Amino acid sequence: TREKIKREKEADKAKHEAMLDRARLQKAQNKNRATESVDEAFESYLEEGINDPAIFKAVFLAGGPGSGKSTYSEIITKKLNIPHIYTGDMMRDLAKQDTPDGVKVKDLLAQGKFAPLEIVIKAVKDRVSKPDAQNGYVFDGFPRNVDQAERMKKESIEYNYVINLEVSEEEIIKRLSARGRADDKPE
């Protein structure tokens with residue numbers, strides 16, 4: 001089974017790389033709309049005009065844990081008056097509810113596992129359908145892989161702008177150690 005786990009990890013890594021390759025291709029095809037640097041994204045966006053919500057209609061912030069996704073999401077959402085869609089918080093809130101999905105998510109989170117994609121997609125689809133999300137929204141760390149991105153597409157959950165935050169492993173460990181959340185563990 002170790003070989004199976006190794007193959008699954010390699011497959012997940014390949015899918016993640018394919019997703020990043022698509023994001024890089026999008027950047028190459030549309031330089032002003034997708035970038036690897038948050039500072040460059042804001043400079044590009046500000047050049048085009050803060051009053052053009054179509055540019056940042058549906059933003060996907062990617063990056064490792066502690067890379068600043070939530071911090072930059074808050075900046076974008078405040079400037080544009082659009083919601084921050086953070087599936088981590090959504091799932092932690094769901095885990096507090098005494099519902100079948102809530103109980104299932106609570107058990108998985110307690111084990112350090114992710115919520116099932118079906119439950120996350122259902123919650124995200126519901127969230128983007130709310131009136132405050134009609135002019136745009138920011139996804140914080142979701143989708144995490146190609147399968148999730150493809151499922152979002154299948155469910156007509158869109159994003160049109162990708163920002164990938166790259167932070168060194170040393171800095172991520174420092175940030176996670178400082179933020180004090182129960183699910184931030186060295187491993």
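Not measured: the values here are computed from a predicted model. We're numbering straight along the sequence, starting at 1.
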Handout entry: ILVMFWY network linking Leu109 to Met90, side-chain heavy atoms under 4.5 angstrom
Key = yes
Handout entry: Atom pair OH/NZ of Tyr86 and Lys69 - distance to nearest 0.5 Å
Key = 6.5 Å
Practice task
For residues Glu169 and Ile172, determine if any side-chain heavy atom of one lies less than 4.5 Å from a side-chain heavy atom of the other.
Solution key: no
Fill in the blank from the handout: Closest non-hydrogen contact found for Ala123 with Met91 is CB-CE, 3.7 Å
Practice task
Tell me, with the steps shown, if Phe142 and Ile121 meet side chain to side chain contact (heavy atoms under 4.5 Å, CB included).
Solution key: CA-CA 10 Å; Phe142 182 82; Ile121 288 289; 3.9 Å; yes
Practice task
Return the minimal non-hydrogen interatomic distance between Gly136 and Pro83, and the atom names on each side.
Solution key: O-CD, 3.2 Å
Practice task
Determine whether Val120 and Leu108 fall in the same hydrophobic cluster, where Ile, Leu, Val, Met, Phe, Trp and Tyr are linked whenever their side-chain heavy atoms lie under 4.5 Å apart.
Solution key: no
Handout entry: Heavy-atom neighbours of Asn81 CG exceed 12 at 6.0 Å
Key = no
Practice task
Could you state whether Phe114 and Val124 fall into the same hydrophobic cluster, counting links through intermediate Ile, Leu, Val, Met, Phe, Trp or Tyr residues with side-chain heavy atoms under 4.5 angstrom apart?
Solution key: no
Please list every donor-acceptor pair under 3.5 Å in which a side-chain atom of residues 97-104 meets a protein atom from a residue at least two apart or in another chain.
from   : atom 1 : to     : atom 2 : distance (Å)
Thr99  : OG1    : Gly102 : N      : 2.9
Asp101 : OD2    : Lys122 : NZ     : 2.7

Practice task
Just jot down the side chain to side chain donor-acceptor pair (under 3.5 Å) partners of Glu74, sequence neighbours excluded, or say none.
Solution key: His84
Exercise for the section: State plainly whether the residues Arg151 and Asp147 are in salt-bridge range, i.e. N to O under 4.0 Å. Expected result: no
Handout entry: Close side-chain approach of Thr87 to Arg127, heavy-atom, < 4.5 Å
Key = no
Completion exercise
Contacts of Phe139 meeting ring-ring contact (aromatic ring centres under 6.0 Å, His included) (sequence neighbours excluded), chain-then-number -> Tyr137
Practice task
Determine yes or no for a side-chain-to-main-chain donor-acceptor pair under 3.5 angstrom, with Glu158 supplying the side chain and Met152 the backbone.
Solution key: no
Handout entry: Distance, nearest 0.5 Å, that separates CD1 of Ile157 from CD of Gln148
Key = 11.0 Å
Exercise for the section: With rounding to the nearest 0.5 Å, note down the distance linking OG1 in Thr77 to CG in Asp132. Expected result: 10.5 Å
